[in-house]
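Some notes on the structure that comes next.
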Protein chains: 2
Amino acid sequence: MNKQRLTSTLNKAKQVCLEHGRKFTVQRKQILQILLTTDVPLSAYELASCYKLRTSSSVSVMSVYRILSFLESVNLVRRLNSANKYIAYGTDSEVFKREISLFLICRHCQKVETLAVSQSDVAKLFPHFADVGFTSQTKQFEMMGVCSECQAKLA
Amino acid sequence: MNKQRLTSTLNKAKQVCLEHGRKFTVQRKQILQILLTTDVPLSAYELASCYKLRTSSSVSVMSVYRILSFLESVNLVRRLNSANKYIAYGTDSEVFKREISLFLICRHCQKVETLAVSQSDVAKLFPHFADVGFTSQTKQFEMMGVCSECQAKLA
DNA sequence: TTTAGTACGTTATAATGTATCAATTGTGCT
DNA sequence: AGCACAATTGATACATTATAACGTACTAAA
């Protein structure tokens, strides 16, 4: 993410927080910025380390968790269940728009590609889904594999 | 799972282990049996507790992890990433047959419904999937939600 | 100015998972 | 039977991930 988009995204993120009647504090901004400028998901502890390295200040891991759950609650951050790590999105991304997301996670370089999936696609995908009367609340799917770049390198 | 199916499944499980040149030890059998006779997923620590309760013997958590990864490697057990818990299947299940599975996990009763999904269904589901050149190694998807029974109860 | 809510600090603890090395068990071989 | 070997397990320590509980500071509204 380039500098201009980053600034724009951070500004929009602030708006989002204010719309929720919440604050966009320095720590929240820093954590979000770290996630936005890193191309791999980070754990809460990795975020705390990064924070120290980048800002000459520091933040407790406890606070990182609180900040992450706040950012998740306003849809600026997602947690990857298969990695126990966190990832952020621009406010123009499908993720932010609350659509269902498909995360393609590369086992080699750890990078994550994000695709949008519609409700109807999910229904198509799982033909027997409706039969069992299950009401889904899932907003994301995760797939592990190898990205195109790493495939090329490995070939 | 009734007693007869349980016995049959455990016998087949033994065959599976032998075919892999591995043993079906007492501990592995007990752990598998606990998982097969429980209708909710269990964590490694819960399994160690159950083991103690059921067998008057005990097993270290370390061993439980080893046993679980062994059972996973021969496709008798699956780990649910969204819960950090484990679940077992009969050797007649789609899971065991190494198809792609969709796990529907109920937030209220914790029960898991398992559906089989074909590769082509996955391809249909994610239309842009091929575009990015990602090679998937994923054999399962997980959805959180509310099962039909719990919906009825809550209504 | 009191009060309520939000945010963060601090400490402790729970829950989950891995590394390492020694001891044991079982199996095949002689 | 006795031995060698690999697989399995025990035991301990440690690492990682996450939540609980409680206190303090700040802000904004009543």
Side-chain angles (χ1 to χ4, degrees), chain A residues 13-14 16-32 34-35 40-52 55 57-74 76-87 105 110 142 144, chain B residues 13-14 16-35 40-52 55-74 76-87 105 110 142 144:
Chain A
K14 182 171 187 175
V16 171
C17 293
L18 297 180
E19 282 161 21
H20 283 81
R22 312 293 293 277
K23 290 168 195 163
F24 193 55
T25 65
V26 175
Q27 292 184 337
R28 286 174 180 173
K29 182 177 175 179
Q30 286 292 347
I31 293 293
L32 185 59
I34 292 171
L35 284 174
V40 297
L42 297 176
S43 75
Y45 282 75
E46 289 165 342
L47 278 165
S49 303
C50 271
Y51 194 102
K52 197 171 279 182
T55 66
S57 170
S58 78
V59 63
S60 74
V61 175
M62 185 69 253
S63 288
V64 173
Y65 276 108
R66 281 188 289 224
I67 289 165
L68 287 171
S69 42
F70 165 70
L71 292 174
E72 262 195 285
S73 76
V74 296
L76 288 165
V77 156
R78 284 281 181 89
R79 181 182 184 279
L80 296 180
N81 289 322
S82 42
N84 297 329
K85 290 179 194 296
Y86 301 81
I87 191 166
I105 306 163
Q110 320 308 323
E142 301 173 30
M144 304 296 296
Chain B
K14 181 172 186 174
V16 171
C17 293
L18 297 180
E19 282 161 20
H20 283 81
R22 313 296 292 279
K23 293 165 196 166
F24 192 55
T25 65
V26 175
Q27 292 185 337
R28 286 173 180 173
K29 182 177 175 178
Q30 285 293 346
I31 293 292
L32 184 59
Q33 181 165 342
I34 292 172
L35 284 175
V40 296
L42 297 175
S43 74
Y45 283 76
E46 288 165 342
L47 277 165
S49 303
C50 271
Y51 195 101
K52 197 171 278 183
T55 67
S56 78
S57 169
S58 77
V59 63
S60 72
V61 176
M62 183 67 249
S63 289
V64 174
Y65 276 108
R66 283 185 289 224
I67 289 165
L68 287 171
S69 42
F70 165 71
L71 292 174
E72 263 195 283
S73 77
V74 296
L76 287 164
V77 157
R78 284 281 180 90
R79 181 180 187 280
L80 295 179
N81 289 321
S82 41
N84 297 329
K85 291 179 192 295
Y86 301 80
I87 192 166
I105 306 163
Q110 321 305 325
E142 301 174 31
M144 305 294 295

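Every value quoted in this text rests on a predicted model; they were computed, and no experiment measured them.
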Could you check how far [atom1] of [X] sits from [atom2] of [N], rounded to whole Å?
| X | N | atom1 | atom2 | answer |
| --- | --- | --- | --- | --- |
| B:Ile31 | D:dT9 | CD1 | C1' | 13 Å |
| B:Leu68 | D:dT9 | CG | P | 12 Å |
| A:Ile67 | C:dC8 | CD1 | C1' | 8 Å |
| A:Asn81 | C:dG17 | CG | P | 12 Å |

With sequence neighbours excluded, tell me which residues meet side-chain contact (heavy atoms from CB on, under 4.5 Å) with [X].
| X | answer |
| --- | --- |
| A:Glu46 | A:Leu42, A:Ser43, A:Lys85 |
| B:Lys14 | B:Leu18, B:Phe24 |
| A:Thr55 | A:Gln30, A:Tyr51, A:Ser57 |
| A:Thr25 | A:Lys23, A:Gln27, A:Arg28 |

For DNA chain C, determine which residues of residues 17-26 of chain A have any heavy atom closer than 4.0 angstrom to one of its atoms, and list them numerically. A:Arg22, A:Lys23, A:Thr25
Could you give me the CA-CA distance, side-chain angles and deciding distance for A:Arg79 and A:Asn84, then say whether side chain to side chain contact (heavy atoms under 4.5 Å, CB included) is met? CA-CA 7 Å; A:Arg79 181 182 184 279; A:Asn84 297 329; 2.8 Å; yes
Checking A:Glu72 now: which residues fulfil salt bridge (Lys or Arg N to Asp or Glu O under 4.0 Å) with it, not counting sequence neighbours? none
Per-nucleotide protein contact string for nucleotides 10-25 of chain D (B base, S sugar-phosphate only, - none; heavy atom under 4.0 Å): BB-----BBBBB----
Quick one: side chain to side chain donor-acceptor pair (under 3.5 Å) partners of B:Glu142, sequence neighbours excluded? B:Ser82, B:Gln140
Run the side chain to side chain donor-acceptor pair (under 3.5 Å) test against B:Ser60 and tell me which residues pass, sequence neighbours left out. B:Ser63
